[in-house]
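Owing to the predicted nature of the structure, the values given are computational and were not obtained by experimental measurement.
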Amino acid sequence: MSSGATPKKLKKVEGASASGEGEEGRDYDAETQKALEEIDACQNEIDALNEKASEEILKVEQKYNKLRKPYFEKRNDIIKRIPNFWVTAFVNHPQISAILEEDEEDCLHYLSKLEVEEFEDIKSGYRINFHFEENPYFENDVLTKEFHLGSSGDPASQSTPIRWKEGNDLTKKGKEKNVGKGRKRAMEQKTFFNWFTDHGDPSADDIAEVIKDDMWPNPLQYYLVPDIEVENGVEGEDDGSEEEEGDDSVVVVEEVEEEEDAEGEEADDDEVMVEEDEEEGEEVLEEGDDEGDEGEEGGDE
């Protein structure tokens, strides 16, 4: 807040129109005016302390960045003993895997080391270093993307020019695939290496923030994602599906039994009908015999 302006001047008359009418200062009684000026003075003191706190917090961050550095280096040395550690962590990360093309995933099998280095003045920016073994895609040993977050002006980024080997430029392959899919605009969806070479809007670079603030502090959690899912009972879902299959088989058996019962009832009905037909036949025969007896009696007479 500027020290020269008093609260009286900052306040506007209620109901001021958009055309600027009624923009004169609100009138306060002497006691209220004095209280407002004292509040303004207190606020200036609070702002000064907040600024001082920010400076001290920055110094603490710088101190602990130096203390963490040897542990990050030790961790990277251990990671080298695990094949495909970084590509596995990247593939298991939901936001990073969303931009990984199949060819890029193959390329990241040669990623041997990842580093995030904050500049000595933390507020000024950071860089991400990708160390690669010899590979069929490019000549570089290290690819670096830097972000400069100067106090004045918009953030800016820059990256190492990639020396692609002939026929293996993954940024071009990504564009060709997108055009082949019939997209109206090529590269509507960013891919990993297109992210690396893109500097259009550094202030909205979500992937860089994810690598710096999520992947780099603890990559182990993403390398172990499948194991963690098992521990959390994902396998139990398979058991449930088996139970559902068992229930289906019970239903089938019940349906078969119902069909057999129905067939049995139809058979019983047929037997009843046959028996009724036989009874009717016997009655017809008996009537014929009676008529024959009457004819014989008439003859005797």
Side-chain angles (χ1 to χ4, degrees), residues 1-2 46-69 71-73 75-76 86-87 89-101 104 107-108 111 113-132 138 140-164 169-172 174-175 178 185-219 221-222:
M1 181 180 290
S2 59
I46 292 169
D47 292 342
L49 285 172
N50 287 342
E51 187 175 346
K52 186 177 180 181
S54 296
E55 292 174 358
E56 293 187 10
I57 290 169
L58 184 61
K59 290 178 182 177
V60 171
E61 281 293 327
Q62 289 171 331
K63 173 186 174 181
Y64 280 93
N65 276 345
K66 291 178 180 177
L67 292 173
R68 283 190 287 259
K69 188 172 181 180
Y71 291 97
F72 284 136
E73 291 174 351
R75 187 183 70 186
N76 264 335
W86 286 113
V87 67
F90 277 29
V91 168
N92 287 339
H93 193 289
Q95 287 160 282
I96 298 177
S97 63
I99 66 167
L100 272 179
E101 294 284 341
E104 293 177 325
C107 180
L108 289 178
L111 178 62
K113 183 179 178 181
L114 174 71
E115 288 177 311
V116 174
E117 296 179 338
E118 294 193 78
F119 298 157
E120 189 170 349
D121 179 5
I122 296 174
K123 291 189 294 184
S124 65
Y126 62 94
R127 68 173 58 92
I128 304 173
N129 298 321
F130 301 90
H131 295 254
F132 283 86
F138 46 77
N140 309 68
D141 296 328
V142 182
L143 299 178
T144 300
K145 187 164 187 176
E146 290 187 0
F147 294 85
H148 300 273
L149 313 172
S151 56
S152 60
D154 295 329
S157 66
Q158 60 187 47
S159 59
T160 307
I162 304 177
R163 302 192 303 274
W164 295 105
D169 187 338
L170 297 180
T171 59
K172 291 181 179 178
K175 289 179 181 178
N178 287 336
R185 288 187 304 163
M187 289 318 303
E188 225 173 285
Q189 182 173 349
K190 190 181 294 182
T191 65
F192 182 81
F193 282 102
N194 278 284
W195 158 77
F196 181 83
T197 57
D198 177 34
H199 307 290
D201 188 6
S203 63
D205 197 323
D206 296 335
I207 298 301
E209 292 295 319
V210 162
I211 294 174
K212 173 180 171 286
D213 297 328
D214 190 20
M215 176 64 75
W216 173 243
N218 185 7
Q221 63 179 322
Y222 293 106

Task: Interatomic spacing from CD1 in I207 to CD1 in I128 - rounded to 0.5 Å - done: 10.0 Å

- [ ] Could you tell me which residues satisfy ring-ring contact (aromatic ring centres under 6.0 Å, His included) with H148, sequence neighbours excluded, listed by chain and number?
- [x] F119

Task: Atom pair CD (E101) and CG (N194), whose distance is rounded to the nearest 0.5 Å - done: 9.0 Å

Task: Minimum heavy-atom distance F193-E104, with the two atoms named - done: N-OE2, 2.9 Å

Task: Atom pair CD (E56) and CG (L49), whose distance is rounded to the nearest 0.5 Å - done: 9.5 Å

Task: Test item: V210 and I96 side chains (from C-beta on) under 4.5 Å apart, heavy atoms - done: yes

- [ ] Could you tell me whether the side chain of L108 reaches within less than 4.5 Å of the side chain of F192, counting heavy atoms only?
- [x] yes

Task: Parallel, tilted or perpendicular: ring planes of W86 versus F90, cut at 30 and 60 degrees - done: perpendicular

Open item on the list: Between L170 and I162, is there a side-chain heavy-atom distance shorter than 4.5 Å?
Closed with: no

Open item on the list: Please give me the minimum heavy-atom distance between L114 and N76, naming the atom from each residue.
Closed with: O-ND2, 3.1 Å

Open item on the list: Just so I know, are the side chains of K123 and L149 near enough to count as touching, which here means a heavy-atom distance under 4.5 Å?
Closed with: no

TODO: Could you tell me which non-hydrogen atom of A89 sits nearest to which non-hydrogen atom of Y222, and how far apart they are?
DONE: O-CB, 3.6 Å

Task: Rounded distance (nearest 0.5 Å) linking atom CG of L58 with atom NZ of K63 - done: 14.0 Å

TODO: Would you check if H93 and D214 make a side-chain contact, meaning some heavy-atom pair closer than 4.5 Å?
DONE: yes

TODO: Examine distances only and state if a side-chain atom of S54 and a backbone atom of N50 form a donor-acceptor pair shorter than 3.5 Å.
DONE: yes

Task: Qualifying residues under side-chain hydrogen bond (donor to acceptor under 3.5 Å, both in side chains), relative to D121, sequence neighbours excluded - done: none

Open item on the list: For D141, give me all partners under side-chain hydrogen bond (donor to acceptor under 3.5 Å, both in side chains), at least two apart in sequence or on another chain.
Closed with: none

Open item on the list: List the residues meeting side-chain hydrogen bond (donor to acceptor under 3.5 Å, both in side chains) with E209, not counting sequence neighbours, and say none if there are none.
Closed with: Y126

Task: Residues L111, V87; criterion side chain to side chain contact (heavy atoms under 4.5 Å, CB included); working and verdict - done: CA-CA 7 Å; L111 178 62; V87 67; 6.0 Å; no

Open item on the list: Run R68 and E61 through salt bridge (Lys or Arg N to Asp or Glu O under 4.0 Å) and show every step you take.
Closed with: CA-CA 10 Å; R68 283 190 287 259; E61 281 293 327; 3.7 Å; yes

Open item on the list: Taking ring-ring contact (aromatic ring centres under 6.0 Å, His included) as the definition, give me every residue that meets it alongside F138, ordered by chain and number, with sequence neighbours left out.
Closed with: F132, W164

Open item on the list: Tell me if the aromatic rings of W216 and F72 count as close, with their centers under 6.0 Å from one another.
Closed with: yes

TODO: Locate the shortest heavy-atom distance separating S203 from P155; write the atom from each residue and the value.
DONE: CB-CG, 4.1 Å

TODO: Answer yes or no: is there a side-chain heavy-atom contact under 4.5 Å between K145 and D205?
DONE: yes

Task: Minimum side-chain heavy-atom gap P219-R75 below 4.5 Å - done: yes

Open item on the list: Just to verify, what does N129 make a side chain to side chain contact (heavy atoms under 4.5 Å, CB included) with, not counting sequence neighbours?
Closed with: E115, E117, R127, H131, V142, T144

TODO: Of all the heavy-atom pairs spanning P217 and I211, show the shortest one and how long it is.
DONE: CD-O, 4.3 Å

Task: Separation between CZ of F196 and OG of S157, rounded to the nearest 0.5 Å - done: 10.0 Å

- [ ] Measure the CG-OG distance between D198 and S159 for me, rounded to the nearest 0.5 Å.
- [x] 9.0 Å

